[in-house]
There are 4 protein chains.
Amino acid sequence: MSEPTDKTQDRAEKQRGRILDAAQQCFIEHGFHGASIANIAETAGMSAGLIYRYFENKSAIILAIVDRQLQLLREDIRLNRRVDLAGEMVQNYGRSCTADARGMNAALLLEISAEATRDPQVAAALDHYDATVRAALVDWLTRGTASGGHGLPAAVAPERALLLQCLFEGLKLRETREPQLDRQMLASALRYIVPLVIEP
Amino acid sequence: MSEPTDKTQDRAEKQRGRILDAAQQCFIEHGFHGASIANIAETAGMSAGLIYRYFENKSAIILAIVDRQLQLLREDIRLNRRVDLAGEMVQNYGRSCTADARGMNAALLLEISAEATRDPQVAAALDHYDATVRAALVDWLTRGTASGGHGLPAAVAPERALLLQCLFEGLKLRETREPQLDRQMLASALRYIVPLVIEP
Amino acid sequence: MSEPTDKTQDRAEKQRGRILDAAQQCFIEHGFHGASIANIAETAGMSAGLIYRYFENKSAIILAIVDRQLQLLREDIRLNRRVDLAGEMVQNYGRSCTADARGMNAALLLEISAEATRDPQVAAALDHYDATVRAALVDWLTRGTASGGHGLPAAVAPERALLLQCLFEGLKLRETREPQLDRQMLASALRYIVPLVIEP
Amino acid sequence: MSEPTDKTQDRAEKQRGRILDAAQQCFIEHGFHGASIANIAETAGMSAGLIYRYFENKSAIILAIVDRQLQLLREDIRLNRRVDLAGEMVQNYGRSCTADARGMNAALLLEISAEATRDPQVAAALDHYDATVRAALVDWLTRGTASGGHGLPAAVAPERALLLQCLFEGLKLRETREPQLDRQMLASALRYIVPLVIEP
DNA sequence: TATGAATGAGACTTCATTCAT
DNA sequence: CATGAATGAAGTCTCATTCAT
């Protein structure tokens, strides 16, 4: 009957985090539908029933993961001016296959994209994610070079942003197929194409 | 009792085709795990049990679909010289969301890619598919302009092919998210970038 | 793909019957919520999954049972002129505790009545049942004595029917509590009161 | 460490009361199986765990509720001479659907009666309740008119009491189905039948 | 005394797969 | 060859009950 204290809220948030971490790992490993709640519970080191104290149902977990990725992305964009897009793409390539926080895990992106095809809520969340990335790219392309941008005219920036996004996501997809792709070649290819896209 | 005649083999092949068509449609609509055998059977206009006369199990159907896409692709490559890659990309954009045969359906590509992450057999089949596309692109880029190619030196062709493939697949992924994307902008963007990639 | 034949329909109907019989028994024994699908399946001698080929879910079974009772009642009313209501009440008393078809089982009536308090669909079906009984009673009370009725004026028949129905159901309820109630006393009591109710 | 003082006992009794009130409300609303401990706890404004300090388990709560109803009934009988049974029946009709204390709530009676069919302890408690009502009725019917009774001979009183009880409970059952029943008609019907039952 | 997080059993339900017909 | 009834395993979810705090 007492109001929830900060301490219990903290604990709850921590538990939610544990569950999401476990879920993300399981989803990457087995996919949204291949991963069972029992699976996630075991990975999180708790009983299956307990998960339902923190999430209404399985699809709420999926949504929470998409949302969390969106938060991470936003923070990433806020912190990061991305001066060297090509270099960063190469750097991150193959890294996301482990479940680290930097950039979205490639397999997870696939899973989410596939699910968005069917679940409108996931689609909406993904659209949101998408729009955020696009806006950041356009901003970066149009901003003046003085402030770290590339001074592209507003008329062409959207289409260049689209290209970059396709390239970026195509690369993510490729990560899942050729995680061992020769970095040298990748670097060379990107260093060739990215400047062509972002220079006026 | 009788040896399998050509006629019965034909019939068998036709049945397999019916099943694969139905399965493909169901997989696109509900995903590999969301589509049930009962679903597929109903779509194919046959009983669930009959499917097991033609396929060992559900994942055999998935494999067969990847294989069939590979066949279709090969035939496509054999017939098609692809003189205008950018134009074709725009033309096909958004089309694959309906279950036509030209190019792989975007949602299906997602589904298969995600599944390849877990099932090594699917991964192998997809690698095969992948390599085929890559080889065709490299061939097309290196072949002389006289025979419809672009005469790129062998040293840079692979990396350009990689770029094209990423772009192409990134575009496929985008199809699932923005099927209504402005064709004008897309055409403009591709007409700008593709020549830069394929011209020496 | 062939149309369902009479034979398969027959079988289906027989299976539905088996399931309903088993369900009725289980519901009487453990209540709607105490009886599990596994319970019913075991009683019916089949697997739990099979039940879902014949009924969409558990509450569909409940509804089907209410409906079936209604059918039985209708048939009973059609066949039966009920000349000796009091006698029949005594005769049936205590019989319904076994799951026979004659009159509704007392425990089942309780269960259904309780469920109707919460589930509007059950309530609707029960209302239907209720109205059928009431109409039959009114008809019987108003019909001329020549045709087996009691020639009550239409003005008082409804309230007498209400009394009879209350008495009848109160007696059902009592059956569950005192199945061994002295029949002599019961007969004596009913023979005293019922004529007072139905005679003008 | 300290012996239970009167004060702590009082508090305990008050807590039990709170729990029973909440439980009764929940049971009426959702049934014994549909009402969860969490439900009851929330309604009672306490934690789920605390309930187990006052009741061994859920069915102990059910038993306690039946017992409490019995207490209330006893008190009611002691205070109340019930001069006008029919009038009171009409008065109370439909009232019990709200969770007041006067007479047993109709839905609760159903729930308890149904449960008594399965749980022998509930059956025993209900029998006790039943016998108390019956005895009071018999007493009232046999007592001289001078002391508010009806002076029925002891030979017929039990069967008349039985009739009254059936009528009374049948009416309760009806309350759950037709809470809006026309009071005029009900009054008219009862005024007709009740005197016939209780007059010699 | 009181909380509410945690568990474990068990409920309903779905579905790939088999097999008698 | 073809059907679809049947099974059994597995999945999602709920809830009575316990227990550390």
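Source: prediction; values computed, not measured. Convention: sequence-line order gives letters A, B, ...; per-chain numbering from 1.
- Surrounding CD of A:Gln71 are more than 12 heavy atoms belonging to other residues, nucleotides or ligands, all under 6.0 Å away.
- Between the P atom of F:dT12 and the NZ atom of A:Lys58 lies a distance of 4 Å, rounded to the nearest Å.
- Counting heavy atoms from C-beta on, the side chains of A:Leu63 and A:Asp119 never come closer than 4.5 Å.
- In this structure, the side chains of C:Arg16 and C:Arg53 stay at 4.5 Å or more apart for every pair of heavy atoms.
- Between B:Gln24 and B:Arg68, the side chains place a donor N or O and an acceptor N or O closer than 3.5 Å (distance only, hydrogens not considered).
- Contact between the side-chain N/O atoms of C:Tyr52 and the OP1/OP2 oxygens of E:dT14 is not found at any separation under 4.0 Å.
- Nearest approach of D:Ile28 to D:Ala107, heavy atoms of both residues: CG2-CB, 4.1 Å.
- Comparing D:Gly34 and A:Gly34 by the nucleotide of DNA chain F whose heavy atom lies nearest to each, the residue mapping closer to the 5' end is A:Gly34.
- Taking atom CD1 of A:Ile40 as the reference point, atom P of F:dT12 lies 8 Å away to the nearest angstrom.
- No engagement by C:Ala41 is indicated, since no non-hydrogen atom pair under 4.0 Å with the nucleic acid exists.
- Rounded to a whole Å, the CZ atom of B:Phe55 is 18 Å from the C1' atom of E:dT18.
- Of the two residues near DNA chain E, D:Ala12 and C:His33, the one whose nearest nucleotide lies more 5' is D:Ala12.
- E:dA11 is paired with F:dT12 under the criterion used here, namely a Watson-Crick or G-U wobble arrangement in which both key atom distances are under 3.5 Å.
- In this structure, the CZ atom of C:Phe32 is 13 Å from the P atom of E:dC12, given to the nearest Å.
- Using the six-membered ring where Trp is involved, C:His33 and D:His33 have ring planes that are parallel, under 30° apart on the 30 and 60° scheme.
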Nucleotides 5-7 of chain E: which of its N/O atoms have a protein N/O under 3.5 Å away?
{"from": "E:dA5", "atom 1": "OP2", "to": "A:Arg53", "atom 2": "NH1", "distance (Å)": "2.5"}
{"from": "E:dA5", "atom 1": "N7", "to": "A:Arg53", "atom 2": "NH2", "distance (Å)": "3.3"}
{"from": "E:dA6", "atom 1": "OP1", "to": "A:Arg11", "atom 2": "NE", "distance (Å)": "3.4"}
{"from": "E:dA6", "atom 1": "OP1", "to": "A:Arg11", "atom 2": "NH2", "distance (Å)": "2.3"}
{"from": "E:dA6", "atom 1": "OP1", "to": "A:Gln15", "atom 2": "NE2", "distance (Å)": "2.8"}
{"from": "E:dA6", "atom 1": "OP2", "to": "A:Gln15", "atom 2": "NE2", "distance (Å)": "2.7"}
{"from": "E:dA6", "atom 1": "OP2", "to": "A:Tyr54", "atom 2": "OH", "distance (Å)": "2.7"}
{"from": "E:dT7", "atom 1": "OP2", "to": "A:Ser47", "atom 2": "N", "distance (Å)": "3.0"}
{"from": "E:dT7", "atom 1": "OP2", "to": "A:Ser47", "atom 2": "OG", "distance (Å)": "3.2"}

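- Atom CD1 in D:Ile37 sits roughly 13 Å away from atom C1' in F:dT18 (whole-Å rounding).
- Remark: P of F:dC1 and CG of B:Asp10 are 13 Å apart, rounded to the nearest angstrom.
- With a 3.5 Å ceiling on both atom-pair distances, the Watson-Crick or G-U wobble partner of F:dT17 is E:dA6.
- Straight-line distance from the CD atom of C:Glu42 to the C1' atom of E:dA11: 15 Å, rounded to whole Å.
- Residue contacts shown for A:Ala35 are limited to sugar-phosphate atoms, with no base heavy atom under 4.0 Å away.
- Atom CD in A:Glu56 sits about 9 Å away from atom P in F:dC13, given to the nearest Å.
- At a threshold of 4.0 Å, the pair D:Glu13-D:Arg18 does not count as salt-bridged, since none of the basic side-chain nitrogens sits closer than that to a carboxylate oxygen.
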